[in-house]
Each structure stands twice: as structure tokens, then as C-alpha cells.
*Asks:* 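What follows is a single structure, and I will ask about it in a moment.
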2 protein chains.
Amino acid sequence: MTTRDTGTEQLIKDTAKHLFFAEGKIHATTQEIADAAGVNRTLVNYYFKSRDILFDQVFNEAQESLVTTLDEVMDAPVPFKQKIEHLITVFLKEFGQFPYREVFIITQMNNNNVINAKKARVKRVEALLTEISIEMDKGTIKTMDPRHFLMNLFSLMAYPLVTSPLQKILFNMDDDGYAQLMEQRKQLIFETIFP
Amino acid sequence: MTTRDTGTEQLIKDTAKHLFFAEGKIHATTQEIADAAGVNRTLVNYYFKSRDILFDQVFNEAQESLVTTLDEVMDAPVPFKQKIEHLITVFLKEFGQFPYREVFIITQMNNNNVINAKKARVKRVEALLTEISIEMDKGTIKTMDPRHFLMNLFSLMAYPLVTSPLQKILFNMDDDGYAQLMEQRKQLIFETIFP
DNA sequence: CTCTTGTTTGACAAAATTGTTAAACAAAAG
DNA sequence: CTTTTGTTTAACAATTTTGTCAAACAAGAG
């Protein structure tokens, strides 16, 4: 009954997470996952019963972790402008590690039950939109549909990360150069959002 | 030797394109493609030899079509600002139809030979960056690294389209409402890019 | 040391997906 | 009408991927 905890279960999850979200190998085989983790393939079934269950578990945990991180930033008792600045830093750092995560969420949105998990976020988003409207009234940011403000912010942050493999090729840059470009980007996004 | 052209080959390609890029079913089975097209599965092999070949063909054609469209816009002999305005309109229209196309390009970039196909675009991009620099010198647009200008532009256009399923849920909107929001967005992007 | 039990492994079975082939079918040519 | 040839179909085979099971293994309990 007492678990010996060889760390194998966590190793498999971590490896799967890396393959899925860092390398973009969304449809990695159980064999590929096992190989990457350096364990026997059968262990995937032993610990997670099926590939789908491993899949869902990794997805949900990554999802919750991200949501928690963003919520913490937005709940901090600091002025709006400062909160957004912090958000940009945290978001770029977090997504730099797993650039394929959000793409994955989108592509999964067709078949699965992600929709229900997301509907729980609607009220949260509504509250955020209200907060943005208030800031517009105060004159902190340019007046527009607050939904556009949110879309602008996340567009400017996420898109360059999601498409980083493409950008590196088109701009003929290596990893260091791109990391540097993204570092500059923090300030630029902030200035674009708060002109 | 004379082909009878029952339209089946084109039907399969069109169906595959729709499944891949409009519905996001990137890994649709040959059976699923055939069912969606209303034809026998074997015809996929008859016309395209293998699923991979169908895959590559649909991908390349969609890619070429997009590149040609964007090139035409950027080669038009009109002032820069007007060109960008046209680009926004064309891009939003084109991507509204196949929101998953660019996501697909990214997720494929690991394993495949997409890289070589993309490297041919590097010079084109360099020329565009030069054009942007000149406009900055002229004062038409705010001075910054021209790569950021390009990233900003495409971020603001592409991200809301790529993530449209998610946005609809979070903002609690139906298709019409979202289409309306994207229509407003044209003007907003233009103003954000040219403050 | 022995027993218990969680862990790991290899062999096997099942399922899903893809590819091949021969025959049936249908439209155009003669 | 008959032949030709491109098209379509169903049955079969091959491959890939997933899931199951019994036995081997190893660490802690007694």
C-alpha cells in the first residue's frame, strides 16, 4: 500500500510535458515518450492506464499551473499599469519554456471537453474586462473595446513565442539572438499598450 | 490517356484542406477524409499514392496560395501606409477562412523540410525590413527595430484568428459577434500600428 | 533471512491505420 | 455494339500503435 516512489511516474509526466509543449510533438507515441524518458513503454500503461489518460493529466496540470500563475499576477494588490508590466514579464518567461502549449489548447478545442473547463474562466475574464474599462475611464489607457485591449496584449506577447521557429528562420537568427529580441520586446509591448 | 476528370481528386484535396486548416483536424485519418468527401477511402491512395503525399500536396498548395496573395499586396505600387491597410484586410479575410493554417506550419516545423521552403523567403523579408526602415526614417511610423514592427503587425492580425475558438468562449460570443469584433479590429490594428 | 508488495520487464494480443490488388464499373473511342 | 481505359469498389495484407498479462525484480516489513 505504501508507495516506493521511484520517481518514474513523475518522470514520464515531465517527459511527456516537454515533448508536447516544448518540442511540439503533440502526437508523440507512447514508445517515443518512454524512450525519451528512458523507461519501458509498459510503464506508461502501468501508471496511467492509457495514453489518453496520461495525455489529459499532463494537459490539465499544465493548464492549471498556467492559470494559477496568471491569476496570482492579476490578483496582486498593485496599480493596474504595474500589474500589466508584471504580467508581460511572467508570461514571456512562462511561454518561452513551453511555446506550443497554447497552440495545443486551440487545436484540442474541437474534439474534447476543454470547453467546459474554459467556461469556468468566463466570470474571471468579465471581471478583468471591467477592471480594464475603469482604467480607460481614468485615462490610464486608450479608450476602446476592452476585449480588443486584452486581445492586443496577448497577441503581442504570445504570437512571437508561438511562431518562434518560423521567426528565427525568416529573420535568420539563432536562439540567442531571438532571446535577445524577445527581451527587448517586453519594453516595446508595454509602450504599445500604454502609449 | 485522356483524363475523365470526375472531380474526385480535387474534391479530396479540397476536403482535406478544409479538415486540416478550417477545422484543425490536422491528423485526420484517410478514412475520415474519405468520409467527409463522401468517397471510398481507397481513392486517396489511387490519386495520391499515400496519405503523406496528399498531406504535402495540400500543404504546399495552401502555402503557395497564401504567399502569392501576400506578395501581390506588398508589390502593389501604392504608398506604404496604404499597402499595410490593404494587407490587414486581405490577411484577416484569408485567415478567417483557414485559421489553423499557420498553426499547422509551426507544429510541422520540427520534423519536416518546411525549413528549406521557408529559407527562400528570407531575402523577401529582408527587403521588407528595409522598406519599413525607410518609412521610419521618413517618420511615417514610430522608430523601432523593424522586426518588431513586423511581429506587432502579424501578432495583432493572426493571434485573434488562431485563437478564435478560445476567444469566443472566454468572451461568451457567437460566430456573428466574433466576426463583428474582427471587423472592428481592422481599424484598430491600423491605428495601433500607425499611432 | 523470508515475506510481502510495489515496480519493472518481455512476450503476446488487440486495435487502428495504412497500403495493395484484382475485379467491377462506366464513359469515350472505334 | 465492342473495345479501351480511366475510375471505383471490396477484400486482403502489412504496418503501426496501443493495451494486457504473467513472471522477474527489488526494496522495506516482520
Side-chain angles (χ1 to χ4, degrees), chain A residues 1-62 100 104 107-108 110-113, chain B residues 1-21 23-62 100 104 107-108 110-114:
Chain A
M1 191 59 76
T2 57
T3 176
R4 267 176 218 152
D5 192 11
T6 54
T8 304
E9 182 172 2
Q10 191 60 43
L11 173 64
I12 292 173
K13 277 202 289 189
D14 290 343
T15 305
K17 184 179 180 184
H18 190 266
L19 283 177
F20 294 157
F21 302 139
E23 294 189 35
K25 305 270 178 65
I26 304 295
H27 289 80
T29 299
T30 53
Q31 185 67 63
E32 291 172 327
I33 297 170
D35 287 349
V39 303
N40 190 291
R41 180 182 64 84
T42 318
L43 289 176
V44 174
N45 293 82
Y46 175 71
Y47 282 111
F48 302 95
K49 186 67 184 171
S50 78
R51 187 197 180 281
D52 283 347
I53 294 176
L54 166 63
F55 194 79
D56 291 347
Q57 200 165 323
V58 170
F59 171 72
N60 287 329
E61 289 181 10
Y100 293 93
F104 174 70
T107 50
Q108 282 302 317
N110 303 314
N111 321 316
N112 290 25
N113 51 357
Chain B
M1 191 59 76
T2 57
T3 175
R4 267 175 218 153
D5 192 12
T6 54
T8 305
E9 182 172 2
Q10 192 59 45
L11 172 65
I12 292 174
K13 277 202 289 189
D14 289 344
T15 306
K17 184 180 180 184
H18 190 266
L19 283 177
F20 293 156
F21 302 139
E23 294 188 36
K25 305 269 178 65
I26 304 294
H27 290 79
T29 299
T30 52
Q31 185 68 63
E32 291 172 326
I33 297 170
D35 287 349
V39 303
N40 189 289
R41 181 182 65 84
T42 318
L43 289 177
V44 174
N45 292 77
Y46 175 71
Y47 282 112
F48 302 95
K49 186 65 184 173
S50 79
R51 186 197 182 281
D52 283 349
I53 293 176
L54 165 63
F55 194 79
D56 290 347
Q57 199 165 324
V58 170
F59 171 72
N60 287 328
E61 289 181 11
Y100 293 94
F104 173 69
T107 50
Q108 283 301 318
N110 302 315
N111 321 315
N112 290 24
N113 51 357
V114 186

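Naming convention: chains lettered A, B, ... in sequence-line order (proteins, then strands); numbering from 1 in each chain. Every heavy atom of this structure was used, including side-chain atoms; hydrogens, water molecules and symmetry mates were not.
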*Asks:* For A:I26, what residues pass the side-chain contact (heavy atoms from CB on, under 4.5 Å) criterion, not counting sequence neighbours?
*Replies:* A:F104

*Asks:* Could I get a table of every N or O pair under 3.5 Å where one atom is in the protein and the other is in nucleotides 25-27 of chain C?
*Replies:*
from   : atom 1 : to   : atom 2 : distance (Å)
C:dA27 : N3     : B:R4 : NH2    : 3.2

*Asks:* Can you list the steps and then say if A:F48 with A:K13 is a side chain to side chain contact (heavy atoms under 4.5 Å, CB included)?
*Replies:* CA-CA 10 Å; A:F48 302 95; A:K13 277 202 289 189; 3.5 Å; yes

*Asks:* Which residues satisfy the side-chain hydrogen bond (donor to acceptor under 3.5 Å, both in side chains) test with A:T8, sequence neighbours excluded?
*Replies:* A:T6

*Asks:* I'd like to check the side-chain contact (heavy atoms from CB on, under 4.5 Å) partners of A:N40; sequence neighbours left out, ordered by chain and number.
*Replies:* A:T42, A:L43

*Asks:* Base, sugar-phosphate alone, or nothing: which one does A:F48 contact when heavy atoms must sit under 4.0 Å apart?
*Replies:* nothing

*Asks:* Whole Å only: how far is the CD1 atom of A:I12 from the C1' atom of C:dT8?
*Replies:* 11 Å

*Asks:* Sort me out a list of protein N/O and nucleotides 14-20 of chain C N/O pairs below 3.5 Å, or just none if empty.
*Replies:*
from   : atom 1 : to    : atom 2 : distance (Å)
C:dT18 : OP1    : B:R51 : NE     : 3.2
C:dT18 : OP2    : B:T30 : N      : 3.0
C:dT18 : OP2    : B:T30 : OG1    : 2.9
C:dG19 : OP2    : B:R51 : N      : 3.1
C:dG19 : N7     : B:R41 : NH1    : 3.2
C:dG19 : O6     : B:R41 : NH2    : 2.7

*Asks:* Return the set of residues passing salt bridge (Lys or Arg N to Asp or Glu O under 4.0 Å) with B:K17 (not counting sequence neighbours), or none when no residue passes.
*Replies:* none

*Asks:* Could you state the atom-to-atom distance from OH of A:Y47 to P of D:dG19 in whole Å?
*Replies:* 18 Å

*Asks:* Going by the rule side-chain hydrogen bond (donor to acceptor under 3.5 Å, both in side chains), which residues pair with B:Q57 if we only count those two or more places apart in sequence or in a different chain?
*Replies:* none

*Asks:* Starting at CG of A:D35 and ending at P of C:dT9, how long is that distance when rounded to a whole Å?
*Replies:* 12 Å

*Asks:* Rounded to whole angstroms, how far apart are CG on B:L43 and P on D:dG6?
*Replies:* 16 Å

*Asks:* It should be established whether B:T6 places a side-chain nitrogen or oxygen under 4.0 Å from OP1 or OP2 of nucleotide D:dT8.
*Replies:* yes

*Asks:* Check side-chain hydrogen bond (donor to acceptor under 3.5 Å, both in side chains) between B:E9 and all other residues, then give those that pass, not counting sequence neighbours.
*Replies:* none

*Asks:* Partners of B:E32 by salt bridge (Lys or Arg N to Asp or Glu O under 4.0 Å), sequence neighbours excluded?
*Replies:* none

*Asks:* Could you state the atom-to-atom distance from CG of A:N40 to C1' of C:dA11 in whole Å?
*Replies:* 11 Å

